[in-house]
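This report concerns only the one structure given below.
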Amino acid sequence: MPEVKIFSGTNTPVLAEKIAKAYGQDLGKLTISKFSDGELSPSFDESIRGCNVFLIQSTNPSADNLMELCLMIDAAKRASAYKVCAVIPYYGYARQDRKDRPRVSIAAKLIANILTSAGADRIMTCDLHAGQIQGFFDIPLDHLNGSAIFVPYLKSLDLGNLIFASPDVGGVGRARAYAKYFHSEMVVCDKHRKRANEVASMQIIGDVEGMDVVLVDDLVDTAGTICKAAQIIMDKGANSVRAISTHGVLSGNAYENIENSVLSELVITDTIPSKQASSKIKVLTVADLFAKAIHAVTGNESISALFL
């Protein structure tokens with residue numbers, strides 16, 4: 001069996017260290033140099049010839065993170081790695097998965113093409129914004145599910161009148177999966193957007209009076225939708241409302257919005273490094289989940305056991 005080596009890009013070094021430790025080895029030695037104009041130049045400081053190489057890097061903006069990952073993939077292929085797997089805890093640009101208006105890019109497909117052209121043999125990621133993005137790749141893709149992280153945490157809270165909510169119609173499938181697992185009900189927040197990151201109107205479909213509501217989403221960006229949904233849910237008589245979201249993008253006024261909201265807490269994972277601490281934000285790690293997936297892939301085992 002080829003030797004396994006794990007390397008980290010500059011975007012998620014703390015998570016990469018945790019994944020390597022959970023897998024049972026140290027991170028490989030990799031240097032990312034920069035020219036004075038910002039041009040990137042990665043180089044492996046140890047032999048990877050004939051190895052199964054796992055490169056860990058989230059590709060949220062800036063675009064440097066994506067370019068860095070592609071250069072790492074190319075360098076690994078040219079160094080005669082046996083297989084190169086791009087481990088992308090957060091797959092950036094996934095929100096642009098279709099033409100929802102004229103004359104726009106389908107960026108999620110473009111990124112898939114770029115990663116494949118760079119030489120990736122496999123992709124490993126978690127909670128894509130839209131499941132059909134898996135079909136954009138002509139190479140194997142392991143799509144891990146954040147429910148393996150959130151379900152044990154929700155069980156530990158022992159909420160009495162648990163009900164799940166989707167902050168929009170597109171996320172109904174995610175909320176329904178949690179509701180089915182906990183034998184609970186679900187409600188939907190029907191929203192209308194004027195433009196990206198701006199909600200024009202929202203209404204709740206379903207009854208939340210006296211319930212402990214858990215909003216389920218794949219990512220939180222400015223937190224405008226989550227906070228507005230939480231307020232409407234509380235106005236409808238809910239006992240409490242909290243949110244779980246795999247990817248804490250948290251841009252703009254997100255931290256301020258969350259602190260000033262009626263949310264009991266926002267639970268996210270470390271697929272994206274936190275920019276600052278918050279009394280209302282709890283961060284869980286996906287390190288064990290990815291380490292188990294790497295073990296399964298390298299051992300030619302099924303990863304279905306990682307799904308709840």
Side-chain angles (χ1 to χ4, degrees), residues 11-19 21-22 56 58 60 89-90 125-129 144-168 171 174-175 177-179 181-182 184 186 189 208 211-234 238-292 306-308:
N11 190 29
T12 47
V14 175
L15 174 58
E17 187 74 46
K18 291 179 181 177
I19 292 173
K21 184 177 180 180
I56 303 172
S58 285
N60 50 304
Y90 171 67
T125 188
C126 183
D127 281 348
L128 289 166
H129 185 64
L144 306 182
N145 196 315
S147 62
I149 308 298
F150 292 118
V151 165
Y153 178 74
L154 291 175
K155 283 183 176 179
S156 72
L157 297 178
D158 195 24
L159 298 171
N161 299 309
L162 181 62
I163 189 172
F164 291 89
S166 172
D168 53 39
R174 281 186 291 270
Y178 280 92
Y181 184 87
F182 281 92
S184 175
M186 65 166 289
C189 305
V208 295
M211 306 300 288
D212 294 301
V213 182
V214 177
L215 281 157
V216 181
D217 211 350
D218 64 308
L219 66 87
V220 175
D221 192 350
T222 62
T225 297
I226 285 285
C227 293
K228 186 165 187 174
Q231 185 62 62
I232 294 174
I233 287 170
M234 289 300 289
N239 181 47
S240 69
V241 58
R242 54 180 32 84
I244 57 174
S245 180
T246 306
H247 310 296
V249 178
L250 302 178
S251 66
N253 296 324
Y255 284 93
E256 181 182 348
N257 291 339
I258 293 163
E259 285 292 337
N260 296 331
S261 73
V262 297
L263 284 168
S264 300
E265 63 178 349
L266 168 64
V267 187
I268 59 175
T269 74
D270 53 357
T271 57
I272 299 174
S274 296
K275 301 177 182 70
Q276 66 186 69
S278 169
S279 61
K280 284 194 173 184
I281 298 177
K282 182 176 181 62
V283 182
L284 306 177
T285 186
V286 293
D288 287 344
L289 180 63
F290 276 96
K292 289 176 182 176
L306 302 178
F307 297 88
L308 296 175

Where do [X] and [Y] come nearest, in terms of heavy atoms and distance?
X    : Y    : result
C227 : L263 : SG-CD1, 4.4 Å
G171 : S166 : C-OG, 3.1 Å
H247 : Y90  : CG-CD1, 3.3 Å
V267 : F150 : O-CE2, 3.6 Å
M186 : A179 : CB-CB, 4.2 Å
L128 : R174 : O-NH1, 4.3 Å

Quick check: does any side chain N or O of [X] sit under 3.5 Å from a backbone N or O of [Y], one acting as donor and the other as acceptor?
X    : Y    : value
S274 : Q276 : no
Y153 : L284 : no
N145 : F307 : no
D218 : T246 : no
K275 : V249 : yes
D127 : G146 : yes
D217 : A243 : no
S264 : R242 : no

Between [X] and [Y], is any pair of side-chain heavy atoms under 4.5 Å apart?
X    : Y    : answer
L154 : L162 : no
S251 : T222 : yes
P89  : S58  : yes
I258 : L250 : yes
N161 : N239 : no
Y178 : I244 : yes
I149 : C126 : no

Q. Does atom NZ of K280 have more than 12 heavy-atom neighbours, drawn from other residues, nucleotides or ligands, at distances under 6.0 Å?
A. yes
Nearest 0.5 Å please: distance from the [atom1] atom of [X] over to the [atom2] atom of [Y].
X    : Y    : atom1 : atom2 : value
S278 : E256 : OG    : CD    : 11.5 Å
N11  : I272 : CG    : CD1   : 8.0 Å
M211 : L159 : CE    : CG    : 10.0 Å
L306 : K292 : CG    : NZ    : 7.0 Å
I19  : D270 : CD1   : CG    : 8.0 Å
E259 : I281 : CD    : CD1   : 7.0 Å

Q.
Run the side chain to side chain contact (heavy atoms under 4.5 Å, CB included) test on T269 and L289 for me, step by step, so that the C-alpha distance in whole Å, both residues' side-chain angles and the decisive distance to 0.1 Å come before the verdict.
A. CA-CA 11 Å; T269 74; L289 180 63; over 6 Å; no
Q | No-hydrogen, no-angle side-chain donor-acceptor test under 3.5 Å, S261 and Q231 | A | no
